[in-house]
Undergrad: 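Dumping the structure here so I can ask a few things about it.
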Amino acid sequence: MSKPKVLAIAGPTASGKSELGMALAESFGGEIVCMDSMQIYRRMDIGTAKPTAAERAKIPHHLVDIREPDQAYSVAQYAEDAKAAISNILARGRVPILVGGTGFYLRALTHGLHLGGVPSDPKLRERLKDEAGDAAGRKRLHERLQTVDPVSAERLHINDVARVSRALEVYELTGNPISALEQPAYDSPYEFLIFGTELERAALYSRIDARVDRMMADGLPDEVKALLGEGISPRAQAMQGIGYKELVPVFSNHDPLEHAVSDIKRNSRRYAKRQLTWFRRDNAVHWLDMAEKTVHTQAVNIAKAFLEGTNA
RNA sequence: GCCUUGGUAGCUCAGUCGGUAGAGCAGUAGACUGAAAAUCUACGUGUCGGUGGUUCGAUUCCGCCCCAAGGCA
């Protein structure tokens, strides 16, 4: 008995994932499951390049606008939500298509991360974050981890505050080191065909620049201003998104807008690079050259063979 | 036309009292198990504007030329 088939489109920002997703959805009666850590937030439309109302009217999109901007979210939550969405789509005889650039989320689905069942503790995180404010504090945290969980301390760099904190968090919450958590073999309930969207670096970067300029013209500053106006904290997870965190000081500190714009472009480039690193590591990814005129057709043909089970 | 100050890594610049050079930013590669658009790690050779000269040796000193900025006419 074969597993249900799921399509996925991963790749760097601004490389054309959404358009490809729409094309595949139209060809196969598919529905899109958002795989993006920022598009889950409501009222963050421009900066996240969220699918438009027209696109969403044409093809159902899942897991978009499922959180308020002041709420937290996590991979574990995503894995749960995505599985529910996929089951729902499959149950109606449609094809689920994951579209997005969050590598960690994809990995949680394909490699089935066993996330330990230890949810985060916001207050504890705040405390650890404050303590990690200077070099001495970071050293102290790492030393503490060394005594309670030497295995994790060994592989975590002192400056990697997010991970050192998480390891300490798990220990403080459960009394067990994170490195000792059970990680049984995982067998994904789905069979995936993963497309990776690729472009020559220079072309990708100029697309990113153009997209950022368009976002600014479309009113990204007003979007950020509105979020701040409704009381969303600059420390909120949602406000760490690229395009948001850079614009906050324009309003809170009268920083020049042009600096924010160039920072957004630079951070988007770096982000695209990190995304590429993530997806390149997965050798199941079927790369597509997005500069080719016929990519959509190529992808449709490959997906067709996959869905019909005729792929060898 | 003359004077002055510059011309060194993609950019901004430092430096070599003559022994072929280094920071920041940009960039590149990588990691990633409940923050992931987050967090972190590693990586610095370039006709030192061109050309002659002095010298064992010149990016460094001298001459000339080119370019840029400013000033004087």
Side-chain angles (χ1 to χ4, degrees), chain A residues 10-14 17 34-41 44 46-50 67 69-81 100-122 124-126 128-129 132 138 141-142 151-152 155-167 169-170 173-174 177-184 186 201-202 204-205 208-209 211-212 215 220 233 235-247 259 262-282:
Chain A
T13 185
K17 296 187 294 293
C34 162
M35 190 169 66
D36 183 296
S37 65
M38 287 292 154
Q39 290 182 357
I40 59 166
Y41 290 114
M44 295 179 55
I46 301 170
T48 63
K50 201 176 280 176
R67 285 288 131 118
D70 60 356
Q71 290 180 303
Y73 197 67
S74 69
V75 227
Q77 186 64 54
Y78 178 78
E80 212 173 285
D81 292 345
T102 304
F104 196 22
Y105 287 5
L106 210 215
R107 194 170 177 78
L109 259 17
T110 58
H111 292 65
L113 302 183
H114 289 273
L115 296 154
V118 186
S120 65
D121 177 335
L124 178 53
R125 283 195 176 180
E126 281 297 306
L128 292 167
K129 192 174 179 180
R138 288 192 287 278
L141 291 181
H142 196 266
V151 177
S152 294
R155 46 172 282 272
L156 262 23
H157 193 277
I158 295 179
N159 293 334
D160 196 350
V161 175
R163 291 194 180 76
V164 170
S165 296
R166 171 60 184 164
E169 178 180 59
V170 169
L173 259 27
T174 67
I178 190 172
S179 57
L181 292 177
E182 283 290 326
Q183 296 192 5
Y186 177 85
R201 195 59 63 93
L204 177 63
Y205 285 1
I208 287 173
D209 286 351
R211 169 183 268 194
V212 173
M215 286 176 175
L220 180 56
S233 164
R235 294 187 82 169
Q237 194 175 316
M239 290 304 254
Q240 304 319 306
I242 296 166
Y244 296 87
K245 63 173 174 225
E246 298 87 349
L247 281 167
H259 287 184
S262 56
D263 282 355
I264 293 171
K265 289 178 179 173
R266 184 200 56 196
N267 290 340
S268 299
R269 275 181 245 128
R270 289 176 172 174
Y271 172 48
K273 247 183 59 55
R274 269 181 274 131
Q275 291 175 301
L276 251 6
T277 299
W278 198 290
F279 300 127
R280 274 194 297 232
R281 158 174 148 174
D282 186 346

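Here is the naming used below: chain letters follow the sequence lines, and residue numbers restart at 1 for every chain.
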Undergrad: What does A:Asn267 touch in the nucleic acid at a heavy-atom separation under 4.0 angstrom: a base, only the sugar-phosphate, or nothing?
TA: nothing
Undergrad: Please report the distance, rounded to the nearest Å, between CG in A:Asp36 and C1' in B:A35.
TA: 15 Å
Undergrad: Mind checking salt bridge (charged side-chain N to carboxylate O under 4.0 Å, His left out) for A:Arg163 and listing every partner two or more places apart, or none if nothing turns up?
TA: A:Asp160
Undergrad: Let me see the working for A:Tyr244 and A:Gln240 under side-chain hydrogen bond (donor to acceptor under 3.5 Å, both in side chains), right down to the final yes or no.
TA: CA-CA 7 Å; A:Tyr244 296 87; A:Gln240 304 319 306; over 6 Å; no
Undergrad: Mind checking if A:Ser120 touches a base, just sugar-phosphate, or nothing, with heavy atoms under 4.0 Å?
TA: sugar-phosphate
Undergrad: Check RNA chain B for consecutive Watson-Crick or G-U pairs with both distances under 3.5 Å and list the runs of at least three as stems.
TA: B:1-7 with B:66-72, B:10-13 with B:22-25, B:27-31 with B:39-43, B:49-53 with B:61-65
Undergrad: Starting from P on B:G34, measure out to CG on A:Leu109 and report it in whole angstrom.
TA: 16 Å
Undergrad: With a non-hydrogen cut-off below 4.0 angstrom, is A:Gly47 in contact with a base, only sugar-phosphate, or nothing?
TA: base
Undergrad: Might you list the N or O atoms of the protein lying below 3.5 Å from N or O atoms in nucleotides 40-43 of chain B, with each pair's distance?
TA:
{"unit_1": "B:U41", "atom_1": "OP1", "unit_2": "A:Asn159", "atom_2": "ND2", "d": "2.5"}

Undergrad: Could you tell me whether A:Thr13 contacts a base, only the sugar-phosphate backbone, or nothing, with contacts defined as non-hydrogen atoms closer than 4.0 Å?
TA: nothing
Undergrad: Using a heavy-atom cut-off of under 4.0 Å over every strand shown, decide if A:Arg269 touches base, sugar-phosphate, or nothing.
TA: sugar-phosphate
Undergrad: Regarding A:Arg235, tell me which of base, sugar-phosphate or nothing describes its non-hydrogen contacts under 4.0 Å with the strands shown.
TA: nothing
Undergrad: Given atom CG of A:Asp282 and atom C1' of B:G30, what is their separation to the nearest angstrom?
TA: 16 Å
Undergrad: For a quick check of understanding: with a heavy-atom distance under 4.0 Å over all strands, which category does A:Leu156 fall into, base, sugar-phosphate or nothing?
TA: nothing
Undergrad: A:Tyr41 near the nucleic acid: base, sugar-phosphate alone, or nothing, with a heavy-atom cut-off under 4.0 Å?
TA: nothing
Undergrad: Reckon A:Tyr78 has a side-chain N or O less than 4.0 Å from the OP1 or OP2 of B:A35?
TA: no
Undergrad: When all nucleic acid strands are considered with a 4.0 Å heavy-atom cut-off, which category describes A:Ser37: base, sugar-phosphate, or nothing?
TA: base
Undergrad: Would you call A:Glu126-A:Lys129 a salt bridge at under 4.0 Å N-O?
TA: no
Undergrad: Let me know the distance between NZ of A:Lys17 and P of B:A37, rounded to the nearest Å.
TA: 10 Å
Undergrad: In this structure, how many angstroms lie between the P atom of B:A38 and the CZ atom of A:Arg270, rounded?
TA: 10 Å
Undergrad: Looking at every strand, decide which applies to A:Lys245 at a 4.0 Å heavy-atom threshold: base, sugar-phosphate, or nothing.
TA: sugar-phosphate
Undergrad: Check every strand shown and say whether A:Tyr244 touches a base, only sugar-phosphate, or nothing at a heavy-atom separation below 4.0 Å.
TA: nothing
Undergrad: CZ of A:Arg266 versus C1' of B:C11: gap in Å, rounded?
TA: 14 Å
